[in-house]
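Notes to accompany the following structure.
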Amino acid sequence: MIKGKFPIDKFEAIETPFYYYDIDLLRETLRAIRQQTENKNYLVHYALKANANPRILKEISSFGFGADCVSGNEILRAIECGFPASKIAFAGVGKTDKEIEIGIDHDIFCFNVESLPELDAIDHIASAKNKKVRVALRINPNVDPHTHEYITTGLNENKFGLNEKDLSEAVEKISRSLHLELIGIHFHIGSQITDLSAFENLCVKALEMQSWFNSRGIGLQIINLGGGLGINYQHPNHCPIADFESYFHLFAKYLKLKEGQSLHFELGRSVVAPCGSLITRTTYVKEGISKKFLIVDAGMTDLIRPALYHAFHHIENISSELPYTRYDVVGPICESSDTFGKNVELNESSRGDFIAIRSAGAYGEAMASQYNCRTLPASCFSDQI
Ligand code: LLP
């Protein structure tokens, strides 16, 4: 079994658990995205929700990408970390007045609007500030992404986005307003999508919606296709970079742009997941009746994905070269769901061994909590330790 490369000698001095980010891999990933998007009218807005660590954000913004934010604080964080406001899209079903103000005051690129009352609220606040605000309508495309139900977002009866029945009213509201400008449409069908045919269906839907707008004399400057490209959690060492080539080619093939139009993407996971690992130490090896437990010092508080979505993360003992055996890898939290993996094949392990839980760069640190009064793990970067 191939294992990841980690500077274990340097890890000795760092208190576990901690997030370890491979900056070279992050940069390689960013170069791969840039290669597929440059010289096309494509703009990737990195979805901050996946990981809003300032160091990571500064790397991403230095490549010229935009940001996709879902809170006022994410907008402020993105700007602090070098994303120009002119490349920030602001999504979310529950934007508060205060957050709308932050977006308007910074003159962000666009609000992705998810309901009719939200349009009224933005109109009202923009009017009080005598500003004109660019909006894109988030439409529920009813495309099934074939992923986990908790991260499926584009089906019809869903808290996200506008249903088609509301579109005429949305368009009327915008055309009546002096403070709203409709620049395009937005979709997001779900996350961790590995069957690219779901994106093909999304293209069909996007073109259908475009015709709907065109037939009413409305041109669309932008089509925002959201995020969702999945990564290979099973084999992080064989496939460390998502298949951006097939992903972007698919859109080039199925979505021919009109003059002056641009395609926008909101990739999160595929940008940052592979470069991050949660590094933890074995606290105890406990012999059960018919199995062995590896109790580590990281818990669901540091990476909630296995507990919340039954998500798989590849796990390696990076200290041991002993023969392989099987363990349930569990954390110290008082919840049975605090399990990183069951029946995991690992080199025979002892107290103190370093364990790497891979592909934790997305929705790991970003979703950490302090349940059980735990300390939030530090983050370490391959070029700084
Ligand atoms: N755009 C919108 C409107 C979104 O809701 C999301 C993710 C993204 C973009 C970024 O999607 P990505 O490229 O990362 O798939 N915590 C879950 C994932 C939740 C995704 C929420 N929305 C997990 O750990 O799997």
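In listed order, ligands and their atoms are each counted from 1.
Note on ring orientation: taking the six-membered ring where Trp is involved, the planes of F265 and F251 are perpendicular (angle over 60°, cut-offs 30° and 60°).
Of the options H188, M367, R269, the smallest heavy-atom separation from atom 5 (O) of ligand 1 is shown by H188. Around atom 6 (C) of ligand 1, the closest heavy atom drawn from K49, E266, R305, H45 belongs to K49.
Checked against a 3.5 angstrom limit, the closest N/O atoms of S191 and ligand 1 fall inside it. For a threshold of 3.5 Å applied to N or O pairs, the pair formed by H186 and ligand 1 contains no separation below that value. Annotation: R138 places no N or O atom under 3.5 Å from an N or O atom of ligand 1; distance criterion only. In terms of polar-atom proximity, defined here as any N/O pair under 3.5 Å, G268 does make such a contact with ligand 1.
A salt bridge links D383 with R55: at least one charged nitrogen is closer than 4.0 Å to a carboxylate oxygen.
If you number the atoms of ligand 1 from 1 as listed, the ones under 4.0 Å from a heavy atom of D68 come out as 1 (N), 9 (C). Of all atoms in ligand 1, numbered sequentially from 1 with element shown, those under 4.0 Å from a heavy atom of A47 are 10 (C).
Looking at S197 and D195, their side chains do bring a donor and an acceptor atom within 3.5 Å of each other. Judged by distance alone, the side chains of N317 and E348 never bring a donor and an acceptor atom under 3.5 Å apart. Using a 3.5 Å distance cut-off with no hydrogens or angles, the side chains of Y21 and N51 do pair a donor with an acceptor.
Note on L267: it clusters hydrophobically with L255, by side-chain heavy-atom contacts below 4.5 Å among ILVMFWY residues.
Neither the backbone nor the side chain of I193 has a heavy atom within less than 4.0 Å of ligand 1.
Judged by distance alone, the side chain of S349 and the main-chain N or O of N347 form a donor-acceptor pair under 3.5 Å.
Not close to ligand 1: A50, with no non-hydrogen atom less than 4.0 angstrom away.
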